[in-house]
Amino acid sequence: MDLSLSKEDMWSEIRHSAKSVINQGHKTYDFRIYNHENFKFKVGERHRLLHHKCSGRVKKPFEALAQMCSWIEKGAGLMIEQSFQGQVVQMIIVALGKGTACGASVADDPDFKWKIPMAHSLNFFIYEELKRMGFHYFEVGKTNYRSNMFQTLTDKEQSICAFKRGFGKRSFPLKRYAWFENKEEEVKF
């Protein structure tokens, strides 16, 4: 998503069918932002437990989520919490780079039976907040139209890609990086 656009132009980039869902979501859900000034361990722990509940298993080890939480403590990340009537229903860690941000870990409560989809309003809330902070781009991630010889997409992955394509009319190259704690880890990889 190109955050350097005006708010009106950014809105025009959104798929028409998502706009009413975003507006309803902003009326239905509350959002809270945690940054290096107000982030506490208990917030990271809430995300970790929600992520495990959402996955139905321990998908990301404690160390990986602790590393992401350290980004927030260092000012290189945000945690955004979405709630409904005081109940936390979705959380996301957003990694912050030089002018660009991306979602690093998202989790929603599988027991919450929503009437208004959550992700649409959360995404647009993130775009508005990052724009206010001076960021230029938000990487939505893969938006493949189909599988290719290097990657076979599941039906769920194809559905997620289609959803993400609704947040922007243009595709930009997406670079992925691997972070290694030391040279030995990189060599093992």
Side-chain angles (χ1 to χ4, degrees), residues 1-40 42-56 68-69 71-72 77-96 99-143 156-171:
M1 172 56 87
D2 185 352
L3 305 175
S4 63
L5 299 171
S6 70
K7 185 174 178 178
E8 295 76 25
D9 288 340
M10 216 165 62
W11 185 248
S12 73
E13 292 274 313
I14 303 295
R15 183 180 292 148
H16 180 72
S17 61
K19 291 179 181 179
S20 66
V21 176
I22 291 169
N23 288 330
Q24 290 173 20
H26 283 174
K27 292 174 188 171
T28 304
Y29 301 111
D30 296 310
F31 301 93
R32 178 157 186 188
I33 299 170
Y34 296 94
N35 60 25
H36 66 283
E37 295 172 347
N38 64 352
F39 182 78
K40 303 282 187 245
K42 66 181 181 179
V43 177
E45 182 66 5
R46 193 162 52 237
H47 174 75
R48 183 182 73 81
L49 294 173
L50 187 63
H51 196 280
H52 296 336
K53 182 179 181 182
C54 173
S55 302
M68 289 182 213
C69 289
W71 301 341
I72 301 166
L78 299 172
M79 174 81 76
I80 300 172
E81 202 171 60
Q82 185 176 17
S83 59
F84 176 75
Q85 298 177 349
Q87 175 191 354
V88 175
V89 295
Q90 187 164 230
M91 297 178 81
I92 185 170
I93 297 174
V94 176
L96 306 176
T100 301
C102 68
S105 178
V106 66
D108 59 70
D109 187 343
D111 295 333
F112 176 64
K113 304 303 178 210
W114 45 265
K115 291 190 170 104
I116 307 295
M118 297 182 292
H120 299 75
S121 56
L122 176 64
N123 284 349
F124 202 74
F125 177 84
I126 292 168
Y127 302 159
E128 290 179 311
E129 183 61 24
L130 292 172
K131 180 176 181 54
R132 188 189 65 70
M133 294 171 66
F135 283 84
H136 304 292
Y137 296 101
F138 182 82
E139 293 183 4
V140 297
K142 295 183 298 185
T143 58
K156 179 180 177 182
E157 289 170 327
Q158 288 177 347
S159 175
I160 291 169
C161 288
F163 170 77
K164 289 178 178 180
R165 283 194 303 274
F167 288 89
K169 294 180 180 173
R170 296 171 288 163
S171 293

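Everything numeric here is computed off the predicted structure, so don't read it as measured data.
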> Hey, what do you get for CZ (Phe138) to CE (Met1), rounding to the nearest 0.5 Å?
Replying inline: 10.0 Å

>> Quick check against the 3.5 Å criterion: does Asn38 have a side-chain atom that pairs as donor or acceptor with the backbone of Asn35?
In response: yes

> So, do Leu3 and Leu5 sit near enough that their side-chain heavy atoms are less than 4.5 Å apart?
Replying inline: no

> Between Tyr34 and Ile80, is any pair of side-chain heavy atoms under 4.5 Å apart?
Replying inline: no

> Are the side chain of Asp2 and the backbone of Asp9 linked by a donor-acceptor contact shorter than 3.5 Å?
Replying inline: no

> So, do Met118 and Phe84 sit near enough that their side-chain heavy atoms are less than 4.5 Å apart?
Replying inline: no

> According to the interplanar angle, ranging from 0 to 90°, do the rings of His26 and Phe124 count as parallel (below 30°), tilted (30 to 60°) or perpendicular (above 60°)?
Replying inline: tilted

> Is the closest side-chain heavy-atom distance between Leu130 and Leu96 below 4.5 Å?
Replying inline: yes

> Between Gln90 and Val106, what is the shortest heavy-atom contact and its length?
Replying inline: OE1-CG2, 4.0 Å

>> Looking at every non-hydrogen atom in both residues, tell me the closest pair between Met91 and Val88 and how far apart they are.
In response: CG-CG1, 3.7 Å

> Between OG of Ser12 and NZ of Lys7, what distance do you get to the nearest 0.5 Å?
Replying inline: 13.0 Å

>> Go through it in stages, so that I can follow the logic: the residues are Lys53 and Asp111, the test is side chain to side chain contact (heavy atoms under 4.5 Å, CB included), and I'd like the CA-CA distance, side-chain angles, deciding distance and then a yes or no.
In response: CA-CA 9 Å; Lys53 182 179 181 182; Asp111 295 333; 2.9 Å; yes

>> Is there a side-chain contact between Ile72 and His36 in this structure, where contact means two heavy atoms from C-beta onward sitting under 4.5 Å apart?
In response: no

> Looking only at heavy atoms, which two atoms of Gly44 and Met79 are closest? And how far apart?
Replying inline: CA-CE, 4.2 Å

> Taking atom OG of Ser4 and atom OH of Tyr137, what is their separation to the nearest 0.5 Å?
Replying inline: 5.0 Å

> Under the salt bridge (charged side-chain N to carboxylate O under 4.0 Å, His left out) test, which residues partner Arg32, sequence neighbours left out?
Replying inline: none

> What are the two closest heavy atoms between His51 and Ser105, and how far apart are they?
Replying inline: CD2-OG, 3.3 Å

>> Suppose we screen for side-chain contact (heavy atoms from CB on, under 4.5 Å). Which residues come up paired with Ser83, at least two apart in sequence or across chains?
In response: Asp30

> What distance do Asp109 atom CG and Leu50 atom CG have between them, rounded to the nearest 0.5 Å?
Replying inline: 6.0 Å

>> Does any part of the side chain of Val94, heavy atoms only, come nearer than 4.5 Å to the side chain of Ile126, both counted from C-beta?
In response: yes

> Quick one: are Glu81 and Arg46 in side-chain contact, heavy atoms under 4.5 Å?
Replying inline: yes

> To the nearest 0.5 Å, what is the distance between CG (Leu122) and OH (Tyr127)?
Replying inline: 9.0 Å

> So, are Glu45 and Lys42 salt-bridged, with charged N and O less than 4.0 Å apart?
Replying inline: no

>> Nearest 0.5 Å, please: how far is CD1 in Ile116 from OG1 in Thr28?
In response: 4.5 Å

>> Applying side chain to side chain donor-acceptor pair (under 3.5 Å) to His136 and Thr100, what does each step give before you reach the verdict?
In response: CA-CA 6 Å; His136 304 292; Thr100 301; over 6 Å; no

> For Tyr29 and Ser121, which heavy atoms make the closest approach, and how far apart are they?
Replying inline: CD1-OG, 3.8 Å

> Below 4.5 Å, heavy atoms only, C-beta onward: do Asp108 and Gln82 meet side chain to side chain?
Replying inline: no

>> If you compare all heavy atoms of Ser20 against all heavy atoms of Ser17, which two are closest, and at what distance to 0.1 Å?
In response: OG-O, 4.1 Å

